[in-house]
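Accompanying notes for the structure given below.
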Amino acid sequence: MGVAIRTAGQGDRELVVRLLDEAFQDDPVSGWVFPEAEDRRAHHPALMAAFTDIVLAAGRIDLTEDGSACALWLSMPADDAEDDDPGQVRQAVDPDNERIEAIGRLTAAIHPSGRAHEYLWMIGVAPGRQGEGLGTALIDAVLDRCDREGLPAYLEASSARSRKLYERLGFELAGPVLDLPEGGPTMWPMWREPRTAGTAS
């Protein structure tokens, strides 16, 4: 049975923020941005809200009909001019936390440019629903369109587990990995060329 997916609107904002907060509380990158568990509980929801607002305004959020998983996508032009300022996000979320700004600048620095592409900024699945194929269904829906339109796709994997999932979907390492400073985790920039009808899965 297929997974029912719809495009989220402003009325889904709180659901998406809560879903991302729950899904990424234990993510290695979130743990680097907010090393202290109490601080993460206090400020992580606001960071997820800032990301949600950016994508609601400039991109698209796909949501499973039952609200258990979501994917945040931005359509990037060939010149890759990103408008969101990591400094503004930091000021809105937690002005004293330099890592909020740093993660935005570091990922922007490794983001490929020169070709229009779909950018999977984040994908979150409710902790109790992981491993059911919901994330794959959300990604596949966009990759099918990428293939039809001849568009590549890009993302940064934030864990070895997610990297393996993306490799199964046709993504490949796109340049040097990003090792976050001060002993932080590794992020893997990954790129997927569009598949034609004759391309093997």
Side-chain angles (χ1 to χ4, degrees), residues 3 5 7-8 16 19-21 23-24 26-33 47-48 50-52 54-56 58-64 69-84 86 89 102-126 130-131 133-180 184-195 199 201:
V3 176
I5 298 169
T7 302
V16 171
L19 181 57
L20 292 174
D21 179 45
F24 284 91
D26 296 323
D27 181 78
V29 176
S30 289
W32 179 81
V33 174
L47 182 60
M48 298 301 103
F51 291 163
T52 298
I54 289 169
V55 180
L56 279 173
R60 191 184 73 258
I61 299 178
D62 290 338
L63 183 66
T64 57
C70 65
L72 282 61
W73 292 92
L74 291 173
S75 295
M76 305 301 293
D79 61 10
D80 253 8
E82 293 189 52
D83 295 329
D84 47 291
V89 173
I103 191 66
R105 298 200 184 284
L106 289 166
T107 54
I110 64 170
H111 197 126
S113 61
R115 286 179 70 189
H117 58 278
E118 289 294 316
Y119 175 30
L120 177 58
W121 190 346
M122 302 182 79
I123 184 164
V125 179
Q130 293 172 5
L134 299 173
T136 299
L138 283 167
I139 299 171
D140 272 343
V142 173
L143 295 184
D144 286 346
R145 179 171 61 80
C146 286
D147 292 343
R148 291 193 303 272
E149 298 177 4
L151 277 174
Y154 172 77
L155 56 84
E156 297 108 8
S158 60
S159 69
R161 181 174 177 266
S162 64
R163 177 189 172 184
K164 289 179 182 176
L165 164 66
Y166 299 135
E167 286 175 340
R168 289 199 300 272
L169 295 173
F171 286 87
E172 298 178 351
L173 195 62
V177 300
L178 171 60
D179 290 314
L180 295 177
T186 297
M187 298 182 75
W188 292 268
M190 304 189 76
W191 184 267
R192 180 187 182 275
E193 286 291 334
R195 293 174 173 169
T199 305
S201 297

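Every value quoted in this text rests on a predicted model; they were computed, and no experiment measured them.
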Is any side-chain heavy atom of [X] closer than 4.5 Å to a side-chain heavy atom of [Y]?
| X | Y | answer |
| --- | --- | --- |
| M187 | V29 | yes |
| P28 | W32 | no |
| I123 | L138 | yes |
| T136 | R168 | no |

Between D144 and R195, is there a salt bridge with N-O shorter than 4.0 Å? no
Determine, stepwise, if the pair R115 / M76 fulfils side-chain contact (heavy atoms from CB on, under 4.5 Å). CA-CA 8 Å; R115 286 179 70 189; M76 305 301 293; over 6 Å; no
Hey, could you give me the [atom1]/[atom2] distance between [X] and [Y], rounded to the nearest 0.5 Å?
| X | Y | atom1 | atom2 | value |
| --- | --- | --- | --- | --- |
| I110 | R105 | CD1 | CZ | 15.0 Å |
| D179 | W188 | CG | CH2 | 8.5 Å |
| T64 | D62 | OG1 | CG | 10.0 Å |
| L120 | M190 | CG | CE | 11.5 Å |

Not counting sequence neighbours, which residues clear side-chain contact (heavy atoms from CB on, under 4.5 Å) with Q130? List them please. V125, R161
Checking L19 against L63 for the side-chain contact (heavy atoms from CB on, under 4.5 Å) test, could you report, in this order, the C-alpha distance in whole Å, the side-chain angles of both residues, the deciding distance, and whether it holds? CA-CA 10 Å; L19 181 57; L63 183 66; 4.3 Å; yes
Test V142 against W73 for side-chain contact (heavy atoms from CB on, under 4.5 Å), laying out the working first. CA-CA 9 Å; V142 173; W73 292 92; 3.4 Å; yes
Can you check whether F171 and W191 have ring centres sitting under 6.0 Å from each other? no
Please report the C-alpha distance between E172 and Y166 in whole Å, then the side-chain angles of each, then the deciding distance to 0.1 Å, and finally whether the side-chain contact (heavy atoms from CB on, under 4.5 Å) criterion is met. CA-CA 8 Å; E172 298 178 351; Y166 299 135; over 6 Å; no
Minimum heavy-atom separation for R192 to L169, with atom names? NE-O, 3.0 Å
Residues 148-158, side-chain donor-acceptor partners within the protein, below 3.5 Å, at least two apart:
from : atom 1 : to   : atom 2 : distance (Å)
E149 : OE1    : R145 : NH1    : 3.3
Y154 : OH     : E156 : OE2    : 3.2
E156 : OE1    : Y119 : OH     : 2.8
E156 : OE2    : Y119 : OH     : 3.1
S158 : OG     : D27  : OD1    : 2.8

